[in-house]
Amino acid sequence: MAAKRKLAENPNSELIDFLHELADYEKNVSRMIHKYNAYRKAASSIAKIDHKIQSITDIKGLEGIGKKIAAKIEQYLSTGKIKKLETNRGDETGAAINQMTRVMGIGPTHANKLVHQEKITSIDELRSHPKRDQLLNKTQQLGLKYLEEFEQKIPRDEIKQMETILLREITAMDNLLRAEIVGSYRRGATASSDIDVLVTHPAVAKLPSLLHKIVETLTKQFHFITDTISIGDSKFMGVCQIDTSKLHRRIDIRVFPSEQYYCALLYFTGNDQLNRHMRIVAQEQGYKLNEYSIQKVGSTGTLSKPLPVTSERDIFDYLQMDYKEPHERNM
DNA sequence: CATTAGCA
DNA sequence: GCTAATGA
């Protein structure tokens with residue numbers, strides 16, 4: 001393995017982290033989504049500059065830096081601190097709310113409710129609360145149960161083992177079924193945060209219960225799937241475990257008709273930046289690309305039928321881009 | 001931006 | 001039918 005240099009970190013990462021922290025507070029605690037967005041865009045715009053910011057003039061006029069954020073950056077530059085951030089940190093109900101949102105299924109709304117009306121101030125209190133089961137829906141209960149496990153990254157080798165089981169069992173059910181694990185795993189990542197599986201079948205339209213059957217066998221016969229968070233005709237979200245010596249992991253399975261499969265495969269493999277990039281080149285070349293299809297855009301704005309796609313390569317070809325192997329898609 | 005759960 | 005939450 002070629003030596004992996006520690007990827008150079010952003011010279012202003014501390015400031016960026018501070019901005020993100022400010023942003024999260026606005027979103028989760030105050031319920032100020034616009035302030036949240038303001039901090040995020042400010043952070044992303046400073047993330048683009050590649051030298052250490054020394055003076056406020058370095059960023060004056062930068063996109064997304066208005067008067068108030070500029071003032072905070074100024075404080076940071078001169079004192080290394082941001083008053084607002086400090087007081088946010090000192091707010092313990094704010095901290096409690098942020099803790100609650102670590103639980104899958106608990107968003108800002110529910111977190112605020114738990115803290116304000118139930119006076120719950122920590123995960124431990126939530127766990128031991130007498131009315132815990134009434135305070136949380138099924139998803140949230142699973143989120144609480146597996147909180148620590150879900151915060152753990154999944155080593156590639158573990159996913160690899162899951163892959164062999166998954167593919168073997170799925171094709172055993174029906175050999176026309178095709179499945180693969182996408183996301184960062186497919187791009188070669190050494191660890192991922194969850195398992196994302198794409199499934200297709202030539203007659204998927206005829207088999208509305210396909211997903212349910214897959215989930216049922218993976219649950220009952222193999223005990224690979226341990227819990228269901230949600231399931232519909234096209235998307236399953238749940239929990240799996242390769243064997244009891246391993247942690248519980250989040251898994252998503254989605255089913256696509258075969259004519260959409262490769263666009264979905266491309267999209268769910270990512271990464272996000274490549275997706276955006278490809279969407280814009282598509283646009284420039286008179287196409288519209290999304291997770292389902294690629295279509296020609298008429299000058300009047302009319303869309304053609306979805307173009308035939310039988311591989312990811314076809315999509316790159318339409319766009320006159322050089323094909324990128326999955327591991328080359330980390331932009 | 002679309003899919004699901006859950007509630008009133 | 002609406003609202004919250006996930007994800008990507």
Side-chain angles (χ1 to χ4, degrees), chain A residues 24 27-29 31-33 36-37 40 44 97-117 126 133-147 149-151 153-154 180-187 189 192-199 204 208-212 214-215 225 227-240 248-257 260-280 282-283 288-293 295 303 312 315 326 329-331:
Chain A
D24 288 342
K27 174 169 106 179
N28 297 150
V29 182
R31 307 286 303 288
M32 302 290 211
I33 194 66
Y36 164 80
N37 286 321
R40 299 291 303 196
S44 89
I97 290 168
N98 282 130
Q99 283 307 301
M100 298 297 120
T101 62
R102 286 169 58 203
V103 176
M104 140 177 309
I106 300 184
T109 301
H110 209 77
N112 271 272
K113 176 177 162 191
L114 258 18
V115 172
H116 292 303
Q117 352 196 284
L126 181 56
D133 294 353
Q134 293 81 63
L135 262 23
L136 303 178
N137 68 222
K138 189 179 157 195
T139 301
Q140 295 163 162
Q141 288 174 235
L142 287 172
L144 184 58
K145 177 175 179 187
Y146 298 127
L147 177 60
E149 292 177 74
F150 288 169
E151 287 181 340
K153 288 284 201 176
I154 314 169
E180 42 205 308
I181 298 183
V182 293
S184 60
Y185 171 76
R186 184 159 183 257
R187 298 196 308 270
S192 307
S193 47
D194 59 11
I195 325 287
D196 204 354
V197 186
L198 252 45
V199 172
V204 40
S209 55
L210 178 62
L211 186 52
H212 297 78
I214 291 173
V215 169
I225 290 175
D227 304 88
T228 292
I229 293 167
S230 69
I231 182 171
D233 290 343
S234 63
K235 186 169 88 173
F236 163 83
M237 300 200 324
V239 183
C240 68
H248 290 84
R249 310 298 195 177
R250 275 283 294 106
I251 182 171
D252 292 349
I253 303 177
R254 43 232 315 165
V255 178
F256 285 91
Q260 301 184 340
Y261 188 67
Y262 295 100
C263 285
L265 185 58
L266 177 68
Y267 177 78
F268 287 105
T269 297
N271 66 6
D272 292 1
Q273 293 199 26
L274 177 67
N275 288 158
R276 289 177 218 167
H277 177 70
M278 290 185 75
R279 287 188 182 201
I280 96 142
Q283 194 165 112
K288 171 176 171 147
L289 173 66
N290 60 206
E291 47 277 57
Y292 310 111
S293 67
Q295 314 175 265
L303 299 178
E312 289 183 306
I315 303 165
R329 302 188 195 164
N330 296 295
M331 298 189 63

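Every chain is numbered from 1, with letters handed out A, B, ... down the list of sequences. Bear in mind the structure is a predicted one, so any value in this text is a computation, not a measurement.
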Select base, sugar-phosphate, or nothing to describe what A/Val182 touches, counting heavy atoms under 4.0 Å on all strands.
-> nothing

Go through the side-chain N and O atoms of A/Glu180 and A/Tyr261 and say whether any donor and acceptor fall under 3.5 Å apart.
-> yes

A/Asn275 CG to C/dA8 P, in whole Å, measures 11 Å

Take the protein atom CD of A/Gln134 and the nucleotide atom P of B/dC7, then report the distance between them rounded to whole Å.
-> 12 Å

Spacing between A/Leu114 atom CG and C/dA5 atom P, to the nearest angstrom = 11 Å

Look at A/Thr139 and C/dA5 and indicate whether a side-chain polar atom (N or O) is within less than 4.0 Å of OP1 or OP2.
-> no

Within the structure shown, what part of the strands sits under 4.0 Å from A/Asp252 by heavy-atom distance: base, sugar-phosphate, or nothing?
-> sugar-phosphate

With the side chain of A/Ile231 defined as its heavy atoms from C-beta on, choose the nearest nucleotide among B/dA5, C/dA4, C/dA8.
-> B/dA5

A/Arg276 near the nucleic acid: base, sugar-phosphate alone, or nothing, with a heavy-atom cut-off under 4.0 Å?
-> nothing

In whole angstroms, the gap separating C1' of B/dG6 from CD of A/Gln140 amounts to 10 Å

Length of the CZ-P vector between A/Phe268 and C/dG7, whole Å = 12 Å

The side chain of A/Thr109 lies closest to which of these nucleotides: B/dA5, C/dG7, C/dA5?
-> C/dA5

d(NE2, A/His110; P, C/dT3) in whole Å = 18 Å

Have a look at A/Asp233 and say if it touches a base, only the backbone sugar-phosphate, or nothing, with a 4.0 Å heavy-atom cut-off.
-> sugar-phosphate

With a 4.0 Å cut-off on heavy atoms, is A/Tyr292 in touch with a base, just the backbone sugar-phosphate, or nothing at all?
-> sugar-phosphate

Contact under 4.0 Å: A/Arg254 side-chain N or O vs B/dA2 OP1/OP2 | no

Just checking, any donor-acceptor pair under 3.5 angstrom between side chains of A/Arg276 and A/Gln273?
-> no

Closest non-hydrogen atoms of A/Thr139 and A/Gly105, given as atom of the first, atom of the second and distance, are CG2-CA, 4.2 Å

Starting at NZ of A/Lys138 and ending at P of B/dT4, how long is that distance when rounded to a whole Å?
-> 14 Å

Does a salt bridge link A/Glu291 with A/Arg254, judged by any charged N lying under 4.0 Å from a carboxylate O?
-> no

Does the side chain of A/Ser193 come under 3.5 Å of the side chain of A/Arg250 through a donor N or O and an acceptor N or O?
-> no

Using a cut-off of strictly less than 4.0 Å, decide whether A/Ser234 has a side-chain nitrogen or oxygen near OP1 or OP2 of B/dT4.
-> yes

Spacing of A/Lys235 atom NZ relative to C/dA5 atom P, expressed in whole Å = 15 Å

